[in-house]
Trainee: 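The structure's right below; bear with me while I get my questions together.
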Amino acid sequence: AKESVEKTIPTGNGPASIIEFPESDGRKILVASSRDDAVHLVDVHAAQVMQTIEVGHWPVMMRLAPSKRLAAVANFGESTISLIDIAHLG
């Protein structure tokens, strides 16, 4: 069986890390865009960015906290971590 791309969703420049938004049944994801210094909340089914959150310089990796209320974003370009309260997003 041949695999194929089902959908391409435009996000910011340099998408570097993706995590599934909690309790969204795969409908929403968070995408770190390293060249935009931002994290984008994306609706996968609608194929569009719902919200953009500015973070530190050059975000490269994200992890969801065990509480699933915070996303930690590693900002390689300035050696910092941004914490996003995802309970109030989209």
Side-chain angles (χ1 to χ4, degrees):
K2 208 176 196 183
E3 293 186 31
S4 63
V5 174
E6 183 178 322
K7 187 184 298 189
T8 299
I9 302 171
T11 62
N13 293 311
S17 182
I18 299 171
I19 58 173
E20 183 178 341
F21 197 81
E23 300 173 17
S24 71
D25 296 323
R27 182 178 176 92
K28 298 177 188 174
I29 57 174
L30 291 170
V31 180
S33 293
S34 57
R35 293 185 182 165
D36 289 338
D37 298 340
V39 170
H40 305 286
L41 176 61
V42 176
D43 183 317
V44 174
H45 295 287
Q48 67 182 20
V49 173
M50 300 170 54
Q51 192 169 354
T52 298
I53 303 99
E54 291 183 16
V55 294
H57 183 55
W58 206 265
V60 293
M61 185 177 292
M62 290 187 295
R63 290 288 186 263
L64 197 57
S67 68
K68 297 185 180 179
R69 295 185 50 85
L70 292 175
V73 183
N75 305 306
F76 179 78
E78 60 186 37
S79 300
T80 63
I81 295 173
S82 298
L83 298 175
I84 301 172
D85 181 356
I86 60 174
H88 296 62
L89 297 181

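Just so you know, these numbers come straight off a predicted model, no measurement behind them. Position 1 is the first residue of the sequence, and the numbers go up from there.
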Trainee: Answer yes if the side chains of Asn75 and Thr80 hold a donor-acceptor pair under 3.5 Å, and no otherwise.
Mentor: yes
Trainee: Examine Met50 and Ile53 and state if one hydrophobic cluster contains both, with Ile, Leu, Val, Met, Phe, Trp and Tyr joined whenever side-chain heavy atoms are less than 4.5 Å apart.
Mentor: yes
Trainee: Can you confirm whether Asp43 sits close enough to Arg27 that some side-chain heavy atom of one is under 4.5 Å from a side-chain heavy atom of the other?
Mentor: yes
Trainee: Are the side chains of Phe76 and His57 in contact, using a 4.5 Å heavy-atom criterion?
Mentor: no
Trainee: Between Asn13 and Arg35 (side chain of the first, backbone of the second, donor and acceptor by atom type, cut-off under 3.5 Å), is there such a pair?
Mentor: no
Trainee: Would you say that Met62 contacts Val39 through its side chain, given a criterion of any heavy-atom pair below 4.5 Å between the two side chains?
Mentor: yes
Trainee: Which heavy atom in Ala71 sits nearest to a heavy atom in Ile86, and how many Å separate them?
Mentor: CB-CG2, 4.0 Å
Trainee: Are more than 12 heavy atoms, taken from residues, nucleotides or ligands other than Asp85, located less than 6.0 Å from that residue's CG atom?
Mentor: yes
Trainee: Measure the spacing between NZ of Lys68 and CD of Glu20 and express it to the nearest 0.5 Å.
Mentor: 9.0 Å
Trainee: Once you round to the nearest 0.5 Å, how far does OG of Ser17 lie from CE of Met61?
Mentor: 6.5 Å
Trainee: So do the side chains of Leu70 and Ile84 get within less than 4.5 Å of each other, counting heavy atoms only?
Mentor: no
Trainee: So Val44 and Lys28, side-chain contact (heavy atoms from CB on, under 4.5 Å) or not? Walk me through it.
Mentor: CA-CA 6 Å; Val44 174; Lys28 298 177 188 174; over 6 Å; no
Trainee: Please list, chain by chain and in numerical order, all residues satisfying side-chain hydrogen bond (donor to acceptor under 3.5 Å, both in side chains) with Ser24, sequence neighbours excluded.
Mentor: none
Trainee: Can Ile81 and Val73 be said to form a side-chain contact (heavy atoms from CB on, under 4.5 Å), step by step?
Mentor: CA-CA 5 Å; Ile81 295 173; Val73 183; 5.7 Å; no
Trainee: Could you check whether any side-chain heavy atom of Leu30 comes within less than 4.5 Å of a side-chain heavy atom of Leu89, counting everything from C-beta outward?
Mentor: yes
Trainee: Taking all heavy atoms of Gly56 and all of Ser82, pick out the closest pair and write down the distance.
Mentor: N-OG, 3.3 Å
Trainee: Taking all non-hydrogen atoms of both residues, which atom of Ser34 and which atom of Pro59 are closest, and how far apart?
Mentor: CB-O, 3.2 Å
Trainee: Tell me whether Ile9 shares a hydrophobic cluster with Val31, the cluster being built from Ile, Leu, Val, Met, Phe, Trp, Tyr side chains joined at under 4.5 Å.
Mentor: yes
Trainee: When you look at Phe21 and Ile29, which way does the side-chain contact (heavy atoms from CB on, under 4.5 Å) test go after all the steps?
Mentor: CA-CA 5 Å; Phe21 197 81; Ile29 57 174; 5.9 Å; no
Trainee: Quick one: pull up OG1 in Thr52 and CG in Asp37 and give me the separation to the nearest 0.5 Å.
Mentor: 12.5 Å
